[in-house]
Novice: 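One structure coming up, written as structure tokens, with questions to follow.
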Amino acid sequence: MKNKLALITGASSGIGASFAKELAAQKHDLFITARRLDRLESLKKEIEQKYNVLVHVFTADLIDPDGVKQLLEELNKQHMKVDVLINNAGFGARVFILEKQPDDWDNIIRVNVNSLVALTMGILPSMVERQSGKILNVSSTGAFQPVPWLTVYAATKSFILSFSEGLAVELKDKNINVQVTCLCPGPTRTEFHSLAEADDIGFPNFAWMESDQVVRAGLNALEKRERVCIPGVYNKLTLYSQRLVPRNIVTHLVGNMHKPKSFLAKKQ
Ligand SMILES: NC(=O)c1ccc[n+]([C@@H]2O[C@H](COP(=O)([O-])OP(=O)(O)OC[C@H]3O[C@@H](n4cnc5c(N)ncnc54)[C@H](OP(=O)(O)O)[C@@H]3O)[C@@H](O)[C@H]2O)c1
């Protein structure tokens, strides 16, 4: 019997690579994509040897609007129909907003938001036609309140959360059997923080999760048809308890936690 096909963006490291391994262990064939071909190729080799599934590698830069187009064309060319879409690729930058150029912020919005919507729009019609499919969008605990110093990044994650919940209700109201789940991880040990210049963010040690724990929670939520998944006790407790605190105070506290040390040094 033919395996189901899972497409995972941002599969070259961290949470995306863990999604690839976990879905392969659950006997899915994979379509994995990111920019770094060497990483994707070695993941393909590891997975095909271990799990006896097929892995299709495709490089695409999701900053480029043509990236999603090329990806959809490749699926068409290979006659591949996606059963599980994992919109995971994303990045951020922790810095005072004027220390970056508008194009830098635009690039984050293109990857985190535009490509996610474009890919969903490209793949959803075939899921609707088959009355079957699963979409998991990776947001963040940063979606639930502003995060000063990661302002643009957190705003993109709020978009993803809102988009996912809205889409889930539209599909349900139209009796379309496509599940949408939004996964909102907190601090997770991946390359994300060093790329975002956020290695020194002051989360307590016990707050950090491994990417495979986050992925298992997300796939479990997708299976149970939950719309929003907040993995880990620390993340759940902080998000539920902050609902009792006025938003401006939460924003101030979160800002203090994320303020770059270099900025504090300059102020003295
Ligand atoms: N780690 C955390 O604490 C945390 C917390 C909450 C949410 N998240 C979210 O989790 C998701 C995965 O991040 P991660 O933590 O696993 O970080 P990561 O290890 O840095 O992985 C990010 C992935 O996104 C891909 N990517 C980045 N820019 C891209 C571009 N222009 N085109 C195509 N692919 C691109 C990267 O691949 P290439 O560089 O090879 O292109 C990489 O595979 C992100 O959406 C992130 O916002 C992470």
Side-chain angles (χ1 to χ4, degrees), residues 7-22 30-44 57-71 86-94 103-116 118-119 136-145 147 150 152-161 163-164 182-203 207-215 217-218 228-232 234-235 238-239 254 257-258:
L7 188 160
I8 302 153
T9 66
S12 61
S13 65
I15 295 172
S18 292
F19 266 117
K21 290 178 197 164
E22 190 60 36
L30 304 178
F31 185 109
I32 54 174
T33 181
R35 290 166 302 179
R36 287 171 292 178
L37 180 61
D38 55 333
R39 295 281 199 103
L40 293 175
E41 289 290 3
S42 72
L43 184 64
K44 171 185 162 80
V57 164
F58 189 76
T59 53
D61 184 352
L62 298 178
I63 286 173
D64 180 354
D66 283 343
V68 171
K69 269 191 218 148
Q70 289 157 4
L71 208 154
I86 309 283
N87 278 312
N88 163 75
F91 72 108
R94 186 183 64 145
D103 278 354
D104 298 323
W105 299 126
D106 198 33
N107 288 344
I108 292 177
I109 296 166
R110 282 171 187 232
V111 174
N112 297 8
V113 172
N114 298 8
S115 77
L116 181 145
L119 201 52
L136 185 144
N137 294 329
V138 180
S139 174
S140 163
T141 49
F144 293 88
Q145 72 292 299
V147 183
L150 269 168
V152 172
Y153 171 75
T156 65
K157 294 297 171 179
S158 299
F159 177 96
I160 295 172
L161 177 61
F163 173 76
S164 306
C182 187
L183 172 62
C184 302
T188 309
R189 288 193 185 88
T190 67
E191 294 168 19
F192 174 87
H193 290 90
S194 60
L195 290 171
E197 294 176 53
D199 274 325
D200 59 345
I201 284 182
F203 291 112
W208 289 87
M209 294 180 73
E210 301 302 329
S211 57
D212 53 351
Q213 296 175 297
V214 168
V215 162
V228 179
C229 169
I230 301 163
Y234 171 86
N235 298 323
T238 46
L239 288 180
V254 171
M257 195 166 182
H258 287 79

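This chain uses plain numbering: 1 for the first residue, then up along the sequence. Just follow the structure's listing: the first ligand is 1, and inside any ligand the first atom is 1.
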Novice: I'd like to check the ring-ring contact (aromatic ring centres under 6.0 Å, His included) partners of F192; sequence neighbours left out, ordered by chain and number.
Specialist: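 Scan of F192 (ring-ring contact (aromatic ring centres under 6.0 Å, His included), adjacent residues dropped) gives Y153.
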
Novice: Could you grab the distance from atom CD1 of I109 to atom CG of N114, nearest 0.5 Å is fine?
Specialist: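 I109 CD1 to N114 CG: 7.5 Å, rounded to 0.5 Å.
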
Novice: Please work out which of the three classes, parallel, tilted or perpendicular, describes the rings of W208 and F203, given edges at 30° and 60°.
Specialist: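 Perpendicular, since the angle between the ring planes exceeds 60°.
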
Novice: Measure the spacing between OG1 of T188 and CG of D212 and express it to the nearest 0.5 Å.
Specialist: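 Rounded to the nearest 0.5 Å, the OG1-CG separation comes out at 10.5 Å.
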
Novice: Charged N to carboxylate O under 4.0 angstrom, R94 versus E197?
Specialist: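 Judged by the 4.0 Å cut-off on N to carboxylate O distance, R94 and E197 do not form a salt bridge.
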
Novice: For ligand 1, what is the set of protein residues having any non-hydrogen atom at a distance below 4.0 Å?
Specialist: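 Contacting ligand 1 under 4.0 Å are G10, A11, S12, S13, G14, I15, A34, R35, R36, A60, D61, L62, I63, N88, A89, G90, F91, V111, V138, S139, S140, Y153, K157, P185, G186, P187, T188, T190, E191, F192, H193, L195.
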
Novice: For the CG atom of N235 and the OG1 atom of T141, what is their distance to the nearest 0.5 Å?
Specialist: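 Going from the CG atom of N235 to the OG1 atom of T141 covers 5.5 Å.
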
